[in-house]
Structures are given as structure tokens and as C-alpha cells.
Amino acid sequence: MKYKNQFLLSILFIVFGLLVIFVPNKKIAKPEAEHQTQPRSSIDHLQMFGRVAVLDEGRIKPLDTYARNVLLQFSGKRTFETKPAINWLAKVLFTPWNTYEDKIFLINSPEIPMALNIKTDPHRRYSFSQIEQGLAKLRQLAVAAEAIEQKERNIVENEILRVYHNLNLYLQLRSTFSFTIPHPDFTVQETAAKTSLDFSESKSDFSFLDIALKADLLNEETQDLEKKKSDIWSASEKEFMRLLRNLYQWSLNSSRGGLALIPPVYPADEAWNTPWEVARQSFSNQDIRHELGLIQNMANAYLYEQQLEFNIAAKAFNLATQTRLSKSQKKATTKIPFELFYNQSQLFFYAWIFYLLAFFLFLLSLIWPRPLMHTIGFCVLVIAFIPHLMALILRAIIMTRPPVTNLYETFIFVGFITVLLGIVTELFHRKWLGIVVGSICGLIFLSIADKFSAEGDTLRMLVAVLNSNFWLGTHVVSITIGYSGCCVAGIMGHVYILQALSKPKDTELLNSTHRYILGILGFGLTMSFLGTMLGGIWADQSWGRFWGWDPKENGALLIVLWTAIVFHAKVARMIRPLGVAVGASLGLVVVMWAWFGVNLLSIGLHSYGFTSGLAVNLFIYAVLEVLFLSVSVILLRRKNIFL
Amino acid sequence: MQNQKKKLRTNKILLFLSSVKIAVIGLFLLFILTFWGTIAQVENGLYAAQERYFSSFYFLAMGFIPFPGAQAVLWMLFINLLSAFFTRIIYAKEKIGLIIIHVGLLLFLITAFVTLHSVKESHLTLREGQSANVSSSYKDWEIAYWSGAGPNKSITAIDIENLKEGDNLNFGELGLNFTVKAFHKNCQAFAAPFAGITEKYFNAVGLNILEPAQINKEPEKNLPGIILQFVDDPDNPRLLLFGGEREPTQLSINGKVISIILRHKRFPMPLTVKLLDFIMDKHPGTEVARTYKSKVEIDHDGIRREVTISMNEPLRFKNFTFYQASYQIDALGRESSTLAVVENAGRLLPYIATFVTVFGLALHFLLAAFHFQRKRK
């Protein structure tokens with residue numbers, strides 16, 4: 001029993017230690033409570049609006065995804081006031097004046113609010129109205145930070161640029177639909193003028209679009225006016241001229257940014273347009289007028305809280321834009337339902353929960369060892385694996401490419417393979433080894449991935465050199481499977497050490513774990529070698545050399561060399577099973593170095609992953625690992641188990 | 001045959017050379033070198049790190065501790081592995097995977113040797129409409145000279161890689177002899193009109209000072225400079241050549257105009273390449289490139305065809321391969337494309353070695369897993 005407790009505590013120490021290292025101040029994503037709170041506006045069901053397609057970062061995606069990414073980018077949170085991101089986005093687009101006081105801008109460095117003369121907020125989140133008075137100063141700081149070379153910028157300078165960029169985007173979003181919002185510039189008071197323009201007499205407040213749609217009538221009414229002196233113009237004629245002047249002014253001064261919601265006017269173009277762009281350039285196009293009109297309908301329904309009308313307008317807008325899409329764009333929009341399902345189902349969250357459950361079942365089994373516990377534990381691991389697998393498949397479908405293209409995706413993919421290896425191990429081993437390893441790996445890698453997902457859209461388009469499904473599918477997939485094999489062997493190495501510490505006499509158990517370490521390490525070596533060499537072949541295909549001692553290539557080679565050293569040292573009888581376990585455990589450090597350590601050097605051809613803040617974590621992990629292994633080896637020496 | 005093998009297996013020298021411990025030491029040294037060479041790239045750049053840690057036989061760590069370079073370690077592993085084939089490796093059915101793996105690794109070591117000695121890397125930069133039948137080196141230089149003008153002139157080039165001060169240069173057919181008075185691998189050049197500069201030089205643009213500079217981390221950024229003295233007529237002004245010059249320096253000797261230029265080494269190609277169009281495609285609404293393509297026309301012995309070279313899709317021709325490497329757009333908006341040109345006789349070797357080794361690895365671990373499963377039952 002004493003040993004068991006020791007074992008249990010040690011495992012807890014490793015798992016939670018790693019979690020603390022990799023997930024500071026951040027909880028795993030929670031599924032959004034869409035209907036939990038009292039709606040403040042009757043327009044709370046925005047699923048139809050979330051389906052609207054938008055071109056962002058080179059990809060056609062649903063507005064729902066866009067809203068999630070932007071809110072995460074602004075506030076570091078996935079919901080705002082417990083409502084989904086799309087509700088927040090709709091508020092910014094349709095009723096921007098209601099968002100001035102919303103504390104959505106996360107500013108991590110306290111130096112920035114101080115410089116802007118804003119009272120620091122304990123939650124580090126600020127509203128537009130708070131920042132507005134310091135906007136000029138922020139712009140100044142951003143210009144200064146921009147002048148510094150990217151490599152040389154410190155955390156605060158990067159944060160200034162991030163906040164400034166976010167504010168700019170907010171301002172652009174705010175004015176995206178400004179053409180639909182009634183404005184004093186377009187008020188019509190004169191009854192005669194209203195009649196001439198075919199407006200109902202009861203309404204006086206109009207939007208840019210309302211008046212722009214009457215531009216023909218306005219032209220007719222004003223074409224002879226230049227011949228008359230302005231002091232003899234009638235009240236209606238003065239109103240017409242004011243409206244025309246304001247139309248002109250607005251189309252000159254309106255923002256060019258915002259959401260690219262309108263598909264290209266000419267099918268040969270690929271770039272989508274913002275509503276303001278088409279309002280300026282293609283207003284004579286009947287389809288465009290119709291689509292802008294539908295946006296206006298949405299805006300009116302939103303303003304007057306008419307849920308049904310809003311949904312109908314959103315659906316009509318979707319259908320209208322759909323008819324103008326090219327074949328490839330249509331194909332891209334067919335994936336929107338998958339993406340919406342992916343967004344809403346929170347598959348990784350459920351996988352994470354079940355991995356945690358599987359691990360707790362293992363801990364429970366230490367106190368209460370029953371065969372049934374093992375069966376349940378195994379089933380829970382498999383149940384956790386299903387959403388993980390589904391999420392990967394969905395991502396591959398959405399992007400039509402293998403699901404490993406950026407650092408974020410490598411974490412979820414390595415997590416997936418390690419769990420798969422755990423399941424396969426358990427099918428043969430049947431003594432919890434696979435469940436322990438699978439659940440620990442699933443937990444750790446999904447947690448790290450969650451941290452990375454805060455960087456914005458994780459479904460990104462690829463730069464030219466990576467844009468090859470064949471090589472992504474072979475080199476990248478096999479090298480990440482190699483990482484996975486070495487990670488599993490590394491975790492098994494730790495399990496071996498803990499088993500040796502707690503049950504030094506149980507040679508059968510130790511031998512069995514030892515054999516699995518060798519098997520999985522061999523698998524890791526094979527896949528890492530294959531991946532490294534396929535990488536060489538890809539490099540030969542696209543850069544003209546098989547091997548160039550590039551940092552990332554070297555990293556992969558280090559994994560291969562390290563694993564080969566462990567195997568040869570075993571054959572040469574330089575190490576015993578404990579040595580193999582320690583070697584496999586150290587292999588984890590080598591894998592971490594190859595995986596993202598080399599990206600920290602910011603040199604070479606592969607430095608495309610995001611890595612800031614990781615260096616310290618990686619270093620702490622390496623130190624802790626060496627410390628743990630050294631202490632264990634010393635303790636085991638006393639139990640007559642040698643390296 | 002059997003006896004011979006037995007005899008080899010008892011040969012103490014062979015046994016020592018084929019020791020697995022040597023393999024472990026070799027792999028470990030390579031591990032350290034790989035790590036060290038990666039870190040060193042931050043400070044010294046890829047080229048210098050590659051020369052010091054990977055291409056060398058040894059280097060001095062901290063200036064005085066000799067440490068084996070990767071070339072020495074790879075030789076050590078090669079000898080170790082080769083002798084293991086005669087002594088330690090057991091030729092049995094169940095060891096077939098291991099044998100194949102090590103044959104594959106032997107092939108890799110041979111590949112490394114062939115590549116180190118046979119690969120020629122160069123590049124070809126063309127503006128749309130331009131064509132060429134020679135490619136330029138990234139970092140190696142030559143002195144080229146010719147007499148006369150026109151497209152059919154015959155150009156001779158002298159490699160300057162091993163040039164030293166005091167060397168004699170002989171422009172054979174033109175009957176010119178020079179002594180190298182100064183040679184800088186990287187330098188700056190000036191045309192100083194001010195007083196105090198008495199020395200006069202033959203130079204295309206009137207340069208008269210070469211100021212040596214520190215050798216750059218990236219060797220392609222070095223600009224060499226050379227000062228040559230006429231052997232037959234030492235009192236004549238000297239000849240100053242600088243790598244940054246575009247135009248040759250022209251000498252008029254016995255009524256013949258001789259042009260001399262210091263330029264990146266040129267390599268003849270078996271075909272003429274003409275750039276028809278360079279296309280860069282971006283992801284819609286972004287500045288992120290989706291693909292780069294060069295449409296070229298290749299002319300080999302008068303037979304012409306159009307080919308598109310794009311990222312990940314190079315053009316192969318005999319031992320030559322042309323890759324889309326980069327592009328430039330000048331101030332006038334004219335596009336030019338840079339193709340990397342690689343001549344490699346052993347191009348297929350790494351492919352074969354990869355296939356053999358991975359096949360062996362898969363076979364070995366599958367057999368081991370199968371064996372393990374059978375033993376369990």
C-alpha cells in the first residue's frame with residue numbers, strides 16, 4: 001500500500017506538473033452556454049447569420065468562425081457576457097453604439113493603460129470608450145513599435161501593435177454596415193421631398209443605402225437646379241442637394257475595410273469585397289443592390305428586434321450570394337455546415353474530459369483493483385478517442401488537406417497518434433499501461449493545443465512551399481507519427497521508473513514494460529527515420545538538396561540519432577532496462593527540442609511556427625526532467641537497479 | 001568461404017573496428033555535433049557552421065581543444081559498419097531486417113560522400129524575355145577574359161578559389177602575365193579623387209582603393225577584390241578588379257581590345273533557358289503567396305519546348321535540376337525569376353538508401369513484434 005501511494009503521488013506530480021508548465025492561467029475551452037442567460041435583445045438566435053460566408057485570411061469561412069477568432073483575438077475569451085461570439089459580432093456590426101462600453105480589449109502589459117492614462121483593470125480588459133481618449137497616443141506608440149525590426153521587439157512593443165491592430169479592426173467592423181444605419185445626414189423632413197423620392201410620409205430617418213437607392217430620382221430632381229440660383233431653391237430642392245452632397249461625401253470617406261462578405265462581381269476575380277467597396281464601385285449592378293438591400297433588412301430587423309425577419313433576411317442573403325459564386329467558391333461554401341458543426345460541437349473539449357476521466361479511473365484502480373475498472377477505463381479511453389478522431393477528420397474535410405500543417409495541428413495530431421498507440425498497447429498489454437500512457441498524452445497535448453488556439457484561426461491557408469498535399473501527407477504525417485512514438489516511449493520510460501521505484505521486485509511487470517518501451521521506441525525510430533528522409537526527398541524536390549543541415553532537419557536527425565544510440569547501447573550491453581527507460585525518457589526532451597525548440601532559434605527554412613513564451617517552458621521542463629531522472633536513478637541504485 | 005568468415009571473425013583488429021561501442025560513440029559524437037552545429041548557426045550562419053562542424057575532419061573547440069568534425073565521425077561509422085558486415089552481423093533469417101537496415105545506412109554514408117564531392121549548386125536569374133546557357137555560382141568567383149566582342153567571342157576563365165598574393169596568373173593565349181599583388185575575399189572599393197592617392201589603376205569605372213572587409217556570415221554576400229601587376233612591365237599601372245563591378249575592364253594591347261572581369265563562377269548548362277513569364281499567385285484577399293511559377297522555354301540542340309517550373313515541381317534534365325527559388329520585381333515593375341540549378345550525379349542515391357533502410361526498419365520491427373506476440377501466446 002505504501003508503494004502504491006508513492007506511485008500514485010509520483011504520477012500525479014508528473015501529470016499536473018506538466019499541465020501547470022504548459023497551461024499557465026488558462027483553462028481548457030468550455031462549451032458555450034448558448035441559451036443559459038436571459039436575452040437582452042430578442043435577436044439572440046443568430047445561427048442563420050453565423051452561416052453567412054466571408055473571405056478572411058484567404059479562406060472562405062462562416063461568419064461564426066470569424067466571430068470566434070476575432071473575439072478570441074480581442075479579448076482572449078471565446079464568449080462575451082456568456083453569449084457566443086457571433087452575438088457579440090452582430091452587436092458590433094448592427095448596433096455599434098451599444099458596444100462602446102463593452103470591455104473587450106485585452107491588454108496584457110500594464111504599461112500600456114498607464115501610458116494611455118487609463119485606470120488599470122484587474123481583469124486586464126478595457127472598453128473602447130476607455131481607450132478612445134488615448135487613441136492618438138496609442139497610434140504614436142504603435143508607429144514607434146512598428147519601426148523596430150520584428151526580431152528586436154519586446155513583449156510590450158508586440159502588445160502595443162496587437163492592441164492597435166485590434167482597435168483598428170474594431171473600427172473597421174463598426175463601420176462595415178454603417179450604410180444601413182439611419183443617419184442625420186440622410187434625414188428627409190419635407191413631405192414633398194418624401195413624395196418625390198417615393199418614401200412613406202411617416203418616416204424621416206434614412207440610411208445611406210435608402211438614399212443611394214433613390215439616386216436616379218434624386219438626379220432627375222436636381223438636374224436643372226444648377227441653372228437656378230441657390231437662393232430661389234425650394235425647401236425640397238435644398239434637401240435634394242444636401243442628400244446628394246452627403247451621398248458623395250460618404251462614398252468618398254467611408255472605410256474600405258471591414259468584412260469581405262460580398263462575392264466577387266466578376267467571376268474571374270478571387271478576392272471578395274466589403275459592402276462599402278461594392279457600394280462605391282458596383283452600385284449599378286442589380287445583384288449587388290439586392291444583396292446590400294438584404295443586409296439593410298437584416299440591420300432593420302436587428303434594430304427593431306424582429307427575430308423572424310432577421311432570419312429570413314440572413315437566409316435570403318446567403319442564397320443570393322450563393323448564386324453568384326464560381327465553382328470552386330461554391331465547393332468551399334459546401335464545407336460551411338461541417339465547420340459550423342466543428343465549431344459548435346467542441347469535440348476537443350469532450351475528448352479532454354474523457355481522457356481525464358480515463359486517467360482518474362486508473363488512479364481509482366490503484367485503490368480498488370477490479371477487472372471491471374480496467375474494462376471501463378479502456379472504454380472511456382476509446383470514447384475519448386472518438387471525438388478526437390472526428391475533429392481531425394472534420395478539419396481535414398474543411399481544409400481538403402492532411403490535418404498537420406502548423407504547430408497547433410501537430411499537437412492535436414501527435415495527441416491523436418499517442419492515444420492510438422495507447423489503445424493498441426492496451427489491447428495487448430491489458431494491465432493499464434496503454435490507458436495510462438494514452439490518457440496522459442491526450443491530456444497534455446490537447447492542453448498545449450488549447451493554449452495555441454488562442455492565436456486566432458487554427459485553420460489557416462498555406463504558404464507556397466507547404467502547399468503540397470502529397471508531401472504534407474507523407475513527410476509531415478510520418479515525422480509527427482515519429483514524434484508520437486518517441487513521446488509514448490518516453491512516457492512509458494517514466495512509468496517504468498515509477499514501477500521500479502514502487503515495485504522493485506516485480507520483475508515480470510518491469511520486463512513487460514521494458515519490452516513495450518523497446519517496441520514503441522522502435523516504431524518511433526522507424527517513423528522518425530522515414531519522416532526525416534521523406535523530408536530530405538521533399539527538400540530535394542523543392543530546394544534542390546537532400547540534406548542542408550537546416551535546424552529543423554538537424555532536430556529530426558537528433559531524434560533518430562538518440563533513439564539509435566539507445567538501441568545500440570543496449571546491444572553493446574552499455575545500458576540495462578533502466579538505462580533504456582531513462583534513454584527513452586530523455587528522448588522526450590530531444591523530441592521537444594526538434595518539435596518546437598529549433599523554432600525558437602528563429603533561423604533556417606522552417607521557422608514558421610509561433611513560439612514566443614515557449615522557450616522558458618521548454619527549459620523548465622528539460623531541467624525538471626533531468627532532475628527527476630537523476631533522483632530516480634540514485635534512489636533505484638539503493639534498490640540494486642542500475643542503469 | 002565459411003573458414004574465411006570464421007577467420008575474419010577472430011581477427012582482433014576487425015573485431016575492434018566493428019565494435020558496437022564504437023558505433024555508440026560515433027552516434028553520440030554525431031548527436032553532439034548536430035546539436036552544436038545547430039546552435040552555432042544562430043551566431044555564425046549556416047555556411048560557417050556547416051564548414052566547421054559538418055564538412056570538417058576536426059576543429060578546435062574554444063580555440064585549442066581538438067574535436068572531430070562530422071566528416072571524420074561519418075568515416076569512423078562507415079569503417080565500423082563495413083567491418084561489422086564481415087564480423088558481427090549474423091546472417092540469419094530472423095536478422096534479415098537488421099541486415100537490410102545496415103545496408104541502407106551504408107548506402108547513406110556512400111551517398112554523403114558522393115554528394116559532398118559531386119554536387120554543383122548554382123543559380124540562374126532571368127528577366128522575362130531573357131535567356132541563358134550558363135548558371136552562376138552563389139559564392140565562388142572567377143576571372144574571365146576575352147578579346148573582341150559579339151556573341152561568338154571565346155571566353156576563358158580562371159578559378160580564384162586558391163589564389164594567394166604573389167601567385168602568377170597567365171592569360172595564355174593573350175600572352176599576358178600578372179603577379180597577384182593583393183587579394184581580398186571580401187572588400188569594399190572606392191574611387192578616391194582626392195590628393196594623396198598616387199597609384200593609378202586600370203579599372204572600368206576608375207576605382208583605385210580596395211579596402212578589405214570582414215568575411216560575411218553568408219558567403220554569397222562577399223565581394224572579392226584583386227590587384228594585378230604586369231610581370232613584363234612592372235611600371236605600368238596595375239589592374240584593379242572588384243566583384244561588385246558589372247562591366248569588364250578593357251585593356252588595349254597591340255591593337256587588340258582585351259576585356260577582363262571578376263565575376264561569379266559560371267557553369268555551362270546542357271541547354272538554353274528562356275524565361276517567358278513569371279507568375280505569382282496569392283491567396284485571395286491576402287499577401288500570402290499560394291504558388292510561384294516560371295514559364296520557360298528550353299532549347300536543347302535546337303529542339304525547343306515550353307516547361308513550367310513551380311514550387312515543389314522542378315524541371316529535371318539529365319543530371320541537372322532547375323528549381324523555383326525566388327523572384328524580384330524591379331522599380332519599373334519588371335519581373336525576374338531566380339532558378340536554383342543543381343547538378344548532381346548521385347541524385348537517386350538518397351532515394352534508394354531511404355527506401356532500403358525504411359524497408360529494413362519496418363521489416364525488423366514487424367518481425368520483432370510478431371515474434372513477441374508468438375512468445376506471449
Side-chain angles (χ1 to χ4, degrees), chain A residues 55-60 260 264 269-272 428 460-465 467-468 470-471 515 518-519 522-523 525-526 529-530 533-534 536-538 540-551 554-555 557-558 561-562 564-565 568-569 571-574 590 593 598 601-604, chain B residues 19-21 23-24 27-28 30-31 34-35 37-39 41-42 45-46 49-50 53-54 111-112 115 119 121 280-286 288-292 310-314 321-325 340-342 344 347 349-351 353-354 357-358 361-362 364-365 368-369 372-373 376:
Chain A
L55 182 85
D56 174 52
E57 294 181 350
R59 183 167 82 83
I60 296 171
D269 289 348
E270 274 195 296
W272 289 33
F428 293 103
R460 281 192 210 136
M461 300 310 277
L462 296 173
V463 292
V465 69
N467 211 350
S468 153
F470 176 71
W471 291 112
R515 280 197 301 271
L518 286 180
F523 173 76
L525 172 62
T526 308
F529 189 87
L530 175 67
M533 294 307 137
L534 283 172
I537 293 177
W538 187 4
D540 184 54
Q541 295 280 333
S542 62
W543 297 323
R545 87 286 184 290
F546 183 83
W547 196 260
W549 301 105
D550 173 79
N554 290 354
L557 180 65
L558 285 178
L561 287 172
W562 183 255
I565 290 169
H568 284 85
V571 171
R573 294 176 204 276
M574 292 161 90
V590 182
W593 170 255
V598 286
L601 300 176
S602 304
I603 46 167
Chain B
S19 150
V20 191
K21 282 185 182 157
V24 174
L27 290 170
F28 195 68
L30 199 56
F31 182 89
T34 309
F35 184 72
T38 312
I39 301 289
Q41 288 181 27
V42 179
L46 174 66
Q50 199 168 324
Y53 297 93
F54 304 125
T111 307
T115 313
V119 169
E121 289 182 351
M280 180 169 60
D281 215 2
K282 289 178 185 166
H283 287 297
T286 69
V288 180
R290 179 160 54 190
T291 181
Y292 307 105
S310 67
M311 213 95 193
N312 294 326
E313 277 167 40
T321 315
F322 299 82
Y323 304 87
Q324 182 63 54
V341 183
V342 179
N344 183 3
R347 197 174 69 75
L349 275 172
Y351 290 71
T354 301
T357 317
V358 173
L361 275 166
H364 176 68
F365 285 105
F372 169 63
Q373 189 57 14
R376 255 170 51 101

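Numbered from 1 within each chain, the chains take letters A, B, ... in sequence-line order.
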| message | Which label fits B/Phe54 and A/Trp549: parallel for a plane angle under 30°, tilted from 30 to 60°, or perpendicular past 60°? | response | parallel
| query | Can you find a pair of side-chain heavy atoms, one from B/Val24 and one from A/Met574, that are under 4.5 Å apart? | reply | yes
| message | Do A/Asp540 and B/Tyr351 have side chains that approach each other closer than 4.5 Å (heavy atoms only, starting at C-beta)? | response | yes
| request: Just jot down the side-chain hydrogen bond (donor to acceptor under 3.5 Å, both in side chains) partners of B/Lys21, sequence neighbours excluded, or say none. | output: none
| request: Output all residues satisfying side-chain hydrogen bond (donor to acceptor under 3.5 Å, both in side chains) with B/Asn344, sequence neighbours left out; order by chain, then residue number. | output: none
Per-residue contact mode, [X] against chain A (heavy atom under 4.5 angstrom):
| X | answer |
| --- | --- |
| B/Thr321 | neither |
| B/Leu30 | both |
| B/Phe28 | both |

| task | Check the pair A/His568, B/Leu27 against side-chain contact (heavy atoms from CB on, under 4.5 Å), reporting the backbone distance first and the verdict last. | result | CA-CA 9 Å; A/His568 284 85; B/Leu27 290 170; 3.7 Å; yes
| note | Closest non-hydrogen atoms of A/Pro551 and B/Gln41, given as atom of the first, atom of the second and distance, are CD-OE1, 3.3 Å
| field | Shortest non-hydrogen contact from B/Ala362 toward A/Thr526 | value | N-CG2, 4.0 Å
| query | Given the rule in the side-chain contact (heavy atoms from CB on, under 4.5 Å) test, do B/Thr354 and A/Phe546 qualify, once you have shown the distances and angles that lead to the verdict? | reply | CA-CA 11 Å; B/Thr354 301; A/Phe546 183 83; 4.0 Å; yes
Hey, could you give me the [atom1]/[atom2] distance between [X] and [Y], rounded to the nearest 0.5 Å?
| X | Y | atom1 | atom2 | answer |
| --- | --- | --- | --- | --- |
| B/Phe31 | A/Trp562 | CZ | CH2 | 5.5 Å |
| B/Leu361 | A/Leu530 | CG | CG | 9.0 Å |
| B/His283 | A/Glu57 | NE2 | CD | 11.0 Å |

| said: Using heavy-atom distances under 4.5 Å, tell me whether A/Leu557 contacts chain B through its side chain, its backbone, both, or neither. | reply: side chain
| Quick one: of A/Ala572, A/Gly522, A/Ala569, who has the most non-hydrogen atom pairs under 4.5 Å with chain B? | A/Gly522
